[in-house]
Amino acid sequence: ARDLWVDGEDKQQGLYLDAYFKFHDVHMRITPTIFYDFMEEHGDLQVIIQKGKMIFEMMEALSQQMLNTAQHHIVKTLGDHSKVQVIIGNCIPRYASTFGELGYKNQHLPTIVIGVMYNAREEILELSLRTGDGAVVNKMAEDLWGGGGHPEASGARWKTDVIDFEKIMNEVTDYILGSPENVF
């Protein structure tokens, strides 16, 4: 949905529409028919955007609260890129993008944000990795956990009955130290 307004002054409206869709469990890749049916059911575009703005602001506030309790680590490497910040914390699946973006925004170091999400019913652990300028995460997600994605937004998931933040942080730290060329 946010791809409707990728650039330009209406980008924020795309974020609000995206938030409204997420709140209603509508998947992001929808057909025009589904989109127009959804619009008919929920009101015109301006009403949806206004409601989406309220939802987006709530998502930002809750994501910031989750970030405030997250662990922040600095990993020092050798070479041109001497430091990278890693933030790891519990995250609500719907909020992974917002959690990640707020985490790496306005940082003075390259920052990798890892949102940890656990589905107890299915015993699935999911990681959402996000980063801004200066680092990439897709190779790390692939090499460490068989995941993947885009350079700045990737993830991984696996079946487990254990959530071990320390193990994840140690794996990330060892990866950064051992393969900085895959991170920077």
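All values below were derived from every heavy atom in this structure, side-chain atoms included, with hydrogens, water molecules and symmetry-related copies excluded. We number each residue from 1, following the sequence as shown.
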Determine yes or no for a side-chain-to-main-chain donor-acceptor pair under 3.5 angstrom, with [X] supplying the side chain and [Y] the backbone.
X      : Y      : answer
Tyr118 : Thr160 : yes
Ser154 : His150 : yes
Lys159 : Glu122 : yes
Ser179 : Ile176 : no
Ser63  : Ala61  : no

Between [atom1] of [X] and [atom2] of [Y], what distance do you get to the nearest 0.5 Å?
X      : Y      : atom1 : atom2 : answer
Thr131 : Met140 : OG1   : CE    : 8.5 Å
Ile114 : Arg130 : CD1   : CZ    : 12.0 Å
Ile163 : Met117 : CD1   : CE    : 11.5 Å
Ile88  : Ile112 : CD1   : CD1   : 11.0 Å
Ile87  : Met66  : CD1   : CE    : 13.0 Å
Lys76  : Lys83  : NZ    : NZ    : 5.0 Å

Close side-chain approach of Ile92 to Phe99, heavy-atom, < 4.5 Å: no
Flag side-chain contact, heavy atom, 4.5 Å: Thr69 against Asn90: no
Do [X] and [Y] belong together in a cluster built from hydrophobic side chains that touch within less than 4.5 Å?
X      : Y      : value
Val75  : Ile168 : yes
Leu102 : Leu109 : no
Val86  : Leu177 : yes
Ile49  : Met54  : no
Trp145 : Met169 : yes

Checking [Y] against [X]: is there a side-chain donor and acceptor pair closer than 3.5 Å?
X      : Y      : value
Glu126 : Trp158 : no
Tyr175 : Asn182 : yes
Asn68  : Gln64  : yes

Kindly determine whether Gln107 and Gln85 satisfy side-chain contact (heavy atoms from CB on, under 4.5 Å), including the steps that lead there. CA-CA 9 Å; Gln107 298 293 331; Gln85 177 177 215; 2.8 Å; yes
Counting heavy atoms not belonging to Glu181, are there more than 12 under 6.0 Å from its CD? yes
Is it true that, when you exclude Lys167 itself, more than 12 heavy atoms of the residues, nucleotides or ligands shown sit nearer than 6.0 Å to its NZ? no
Atom of [X], atom of [Y] and distance for their closest heavy-atom approach:
X      : Y      : answer
Ala141 : Ala156 : O-CB, 4.4 Å
Ala96  : Ser128 : CB-OG, 3.5 Å
Met59  : Thr98  : CE-OG1, 3.7 Å

Determine, stepwise, if the pair Tyr95 / Met58 fulfils side-chain contact (heavy atoms from CB on, under 4.5 Å). CA-CA 10 Å; Tyr95 299 0; Met58 178 193 68; 3.6 Å; yes
Report the residue from Val183, Val172, Leu127, Leu129 that forms a side-chain contact (heavy atoms from CB on, under 4.5 Å) with Val137. Leu129
